[in-house]
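Computed from heavy atoms alone, side chains included, the values below leave out hydrogens, waters and symmetry copies. Just so it is clear, the model here is predicted, and its values are computed rather than measured. Counting convention: from 1, in listed order, for ligands and their atoms alike.
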Amino acid sequence: MPGHELSPSTIAVGAGRPNRVPGGPLNAPITLASALVPGGASEYGRAGNPTWDSFETVLGALEGGRALSFASGTAATSALFDLVPSKATVVAPRHAYYGTLTQLHERARRGQIELKLVDIDNTQLVINAAESAALVWIESPTNPSLEIADIAAISQAASRAGTAVAVDNTFATPLRQKPLELGADFVVHSASKLLSGHSDVILGAVVTNSDRAYAAIEKRRSVLGAIPGAMETWLAARGIRTLHVRLDRAEANAKELHKRLSASSRIVYSRYPGFGTIIAFEVAGGAQVAQKMTEQSDIITYATSLGGVESTWERRRRHPQEPESVPEGLIRFSVGIEDVEDLWIDIQNVLAAFA
Ligand SMILES: *Cc1c(COP(=O)(O)O)cnc(C)c1O
């Protein structure tokens, strides 16, 4: 063991590998098994799988806690919401991933929780709402509006009030934001995005540094059965090996493209929180122009999802479930690792043709 704390890049490359034995593989094998020999960590494939362990170890090491993988980010979110006591209050951002808001609205409609929606960048408002809540759900940056929450201040106040704080860290990744270090109790990921990074996996995770919470979440996973596949966790662990390199490159591209978009007369505004790979912008001409433009680009793919090596964009309100508070013309642009000049030419071409 090295005598100093390892940097996140080194952890991303090295954590979660099998012990080095002569003739053994450097990567965790894909274990396809419903039944395992009794006496180990798990004897049934719904309770545990060695390939999950590899992904959970590297993600846990990066976030500074213990990770549990789930069938999707949505399944991870659902398991966490299941821990909220009956009729208790949940505070959540007005703008958040729409699947998360759908879950919260459904639970509120059934009378299972009280839902309080807030502007997550209004720290005092969130702190006041947290006073009487069981859980504050934070997304930061939010999807797709890119608001930023003060995780440290909210966590400190929530902790005094005995309120749990969970942070959806999908957009920032543990390389840009470590919510557990900032005082949050839970981190949730859609590993379908940047962690996997190649648009070929649906996977989620919850991370916590409380042993009690870990046991409760693990139990929810087994009871609900929303478990990951061995293949998915293997792909995600492989994706994480290059996370820092992909993120550095895509982020540099995003910074440059945000600068150029902001300076363009065809753009109403471009929003970028200063880190990460997502830009939100609106073009002159509104929703119709935004729709046409995103469909007609050549290098940038018209597609939902985000966080892959390839650049994608879409007009978010084309999804009927997206909250109406998101502007009709808002384009969510997930910047990839292509050459930035090629991306800019693609953007200029569609802007010239439609905006
Ligand atoms: C995609 C996404 C989710 C949902 O994750 P899935 O893996 O698609 O279920 C949750 N939160 C954010 C911020 C996302 O972008």
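Residue-ligand proximity, Ser192 to ligand 1, at heavy-atom distances under 4.0 Å covers atoms 6 (P), 7 (O). Using a 4.0 Å cut-off to heavy atoms of Phe171, the atoms of ligand 1 that qualify are 15 (O). Close contacts of ligand 1 with Thr74, meaning ligand atoms under 4.0 Å from a residue heavy atom, involve 4 (C), 5 (O), 6 (P), 9 (O). Of all atoms in ligand 1, listed by their number and element, those nearer than 4.0 Å to a heavy atom of Asp168 are 10 (C), 11 (N), 12 (C), 13 (C).
Some N or O of Asn143 is nearer than 3.5 Å to an N or O of ligand 1, by distance alone. The shortest N or O to N or O distance between Leu306 and ligand 1 is not below 3.5 Å.
Between Glu328 and Arg317, at least one side-chain nitrogen of the basic residue sits less than 4.0 Å from a carboxylate oxygen of the acidic one, meeting the salt-bridge criterion.
Distance alone, capped at 3.5 Å, places no donor-acceptor pair between the Lys87 side chain and the Glu114 backbone. Checked by atom type and distance alone, the side chain of Arg221 pairs as donor or acceptor with a backbone atom of Ser69 at under 3.5 Å.
Between Phe333 and Phe281, the ring-plane angle classifies as perpendicular under the 30° and 60° cut-offs.
Taking the ring centre of Phe275 as origin, the terminal cationic atom of Arg176 falls outside the region bounded by 6.0 Å and 45° from the ring axis.
For atom 15 (O) of ligand 1, the closest heavy atom belonging to the protein is Lys193 NZ, 2.8 Å. If you check which protein heavy atom lies closest to atom 4 (C) of ligand 1, you get Tyr97 CE2, 3.3 Å.
Side-chain N/O atoms of Tyr302 and Glu314 include no donor and acceptor closer than 3.5 Å.
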